[in-house]
Amino acid sequence: MRTVGILGGMGPEATVLLMRRIIAAVPARDDADHVPLLVDQNSQVPSRIAHLIEGTGPDPAPVLAAMARRLEGAGAAALAMPCNTAHHYLAAIRGAVSVPVLDMVAASARAAREAAGQGARVGLLASPAVAQVGLFDRALAGEGLEVVHPADGAALLAAIQAIKAEGPVPAARAALVRASEGLMKTGADVQLIACTEFSLIADAVAPGVRGIDTLDVLVREIVAVSKGPA
């Protein structure tokens with residue numbers, strides 16, 4: 001089994017949640033059956049929101065690239081990052097290392113196409129920074145899908161900030177449900193839960209919605225790359 005390095009800390013709870021889900025995803029009879037992980041829980045990565053939305057913060061790319069190099073140097077044979085927004089900087093991370101770097105966005109777009117079928121509308125429950133840079137728009141378009149963004153991105157941003165500060169509070173759950181209901185009214189009954197803070201409240205979608213948590217997609221990719229052929 002290959003060791004997978006995790007670029008974590010964005011946010012810390014989401015990184016711990018990823019590790020728990022990786023453990024749960026592996027049928028194990030002993031410790032040695034589990035995926036070996038190296039985790040850089042770096043809560044000091046510059047804010048993606050400040051850099052992309054506010055235009056005031058430093059570029060996270062150099063810090064992410066340095067994390068990737070550290071993980072590769074420590075023995076990671078592949079890398080993964082449980083932060084959707086930070087995938088905007090994926091090229092810089094890949095350029096810093098020689099090991100494979102998993103792409104949660106592309107893998108989630110494929111999962112959405114498998115669930116919805118080509119030509120479908122797919123709702124996106126994510127940070128408004130993701131919409132601003134068109135991160136999932138490109139990936140979903142490449143799978144023949146139309147992306148639908150929530151009408152009130154500010155409400156989702158406030159929910160993300162509340163979860164980072166206080167955990168999965170009721171107000172954040174209510175905001176996610178409202179956004180999910182609005183997307184469903186547009187015909188998007190398949191929805192990507194594309195913020196790892198929202199992964200903490202992934203059940204807070206409208207009744208009848210098929211929610212695909214991008215963190216779960218990443219878990220499958222991590223298990224596959226660790227257990228697959230070298």
Side-chain angles (χ1 to χ4, degrees), residues 1-28 30-49 60 63-64 66-68 70-72 74-90 93 99 101-105 107-108 111 125-127 129-130 156-173 175-176 192-205 211-227:
M1 292 173 65
R2 293 193 285 178
T3 298
V4 179
I6 307 298
L7 286 80
M10 303 169 281
E13 278 198 78
T15 305
V16 172
L17 180 62
L18 172 74
M19 295 171 67
R20 287 179 181 147
R21 290 190 184 178
I22 292 171
I23 292 169
V26 176
D30 197 5
D31 295 347
D33 296 325
H34 284 287
V35 173
L37 298 174
L38 288 169
V39 182
D40 190 342
Q41 180 77 301
N42 187 0
S43 58
Q44 304 306 303
V45 177
S47 169
R48 285 69 60 205
I49 290 171
V63 176
L64 294 169
M67 291 168 67
R70 282 199 300 271
L71 289 165
E72 182 182 29
L79 302 178
M81 181 168 57
C83 176
N84 292 272
T85 308
H87 276 67
H88 177 66
Y89 310 100
L90 190 63
I93 296 167
V99 297
V101 183
L102 302 180
D103 186 340
M104 177 165 59
V105 173
S108 297
L125 296 165
S127 162
V130 167
L156 287 184
L157 179 57
I160 292 166
Q161 292 169 330
I163 292 169
K164 285 183 179 292
E166 306 172 64
V169 293
R173 295 182 65 88
L176 193 62
L192 286 174
I193 301 158
C195 173
T196 44
E197 267 66 52
F198 292 154
S199 296
L200 294 161
I201 53 171
D203 61 327
V205 293
I212 300 173
D213 190 342
T214 60
L215 196 68
D216 287 334
V217 175
L218 185 60
V219 166
R220 292 194 293 270
E221 295 285 305
I222 288 169
V223 173
V225 78
S226 178
K227 289 179 171 288

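Along the sequence shown, residues carry numbers from 1. Everything numeric in this text was worked out from a predicted model, so none of it was measured.
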Can you tell me how far apart [atom1] ([X]) and [atom2] ([Y]) are? Round to the nearest 0.5 Å.
X    : Y    : atom1 : atom2 : value
S127 : L156 : OG    : CG    : 8.5 Å
C83  : E197 : SG    : CD    : 7.5 Å
I22  : R20  : CD1   : CZ    : 12.5 Å
T214 : M104 : OG1   : CE    : 4.5 Å
F198 : I163 : CZ    : CD1   : 5.5 Å
L125 : I212 : CG    : CD1   : 11.5 Å

**OP:** List the steps, then state whether side-chain contact (heavy atoms from CB on, under 4.5 Å) holds for R70 with N42.
**Re:** CA-CA 12 Å; R70 282 199 300 271; N42 187 0; 4.0 Å; yes
Do the side chain of [X] and the main chain of [Y] share a donor and acceptor less than 3.5 angstrom apart?
X    : Y   : value
D30  : A32 : no
Q41  : P12 : yes
T196 : P82 : yes
S226 : R2  : yes
D40  : G8  : no

Can you see which heavy atom on [X] is nearest to which on [Y], and at what distance?
X    : Y    : result
P168 : I201 : CB-CG2, 3.4 Å
L38  : A76  : CD1-N, 3.7 Å
T3   : L37  : CG2-C, 4.2 Å
D213 : S199 : OD1-OG, 2.7 Å
A68  : L79  : CB-CD1, 3.6 Å
A80  : L218 : CB-CD1, 4.0 Å

Would you indicate whether the side-chain heavy atoms of [Y] and [X] approach each other to under 4.5 Å?
X    : Y   : value
L64  : M10 : yes
V4   : L71 : no
M81  : I6  : no
Q44  : V63 : no
V223 : V26 : yes
R21  : L18 : no

**OP:** Show your working on side-chain contact (heavy atoms from CB on, under 4.5 Å) between L17 and E13 and close with a plain yes or no.
**Re:** CA-CA 6 Å; L17 180 62; E13 278 198 78; over 6 Å; no
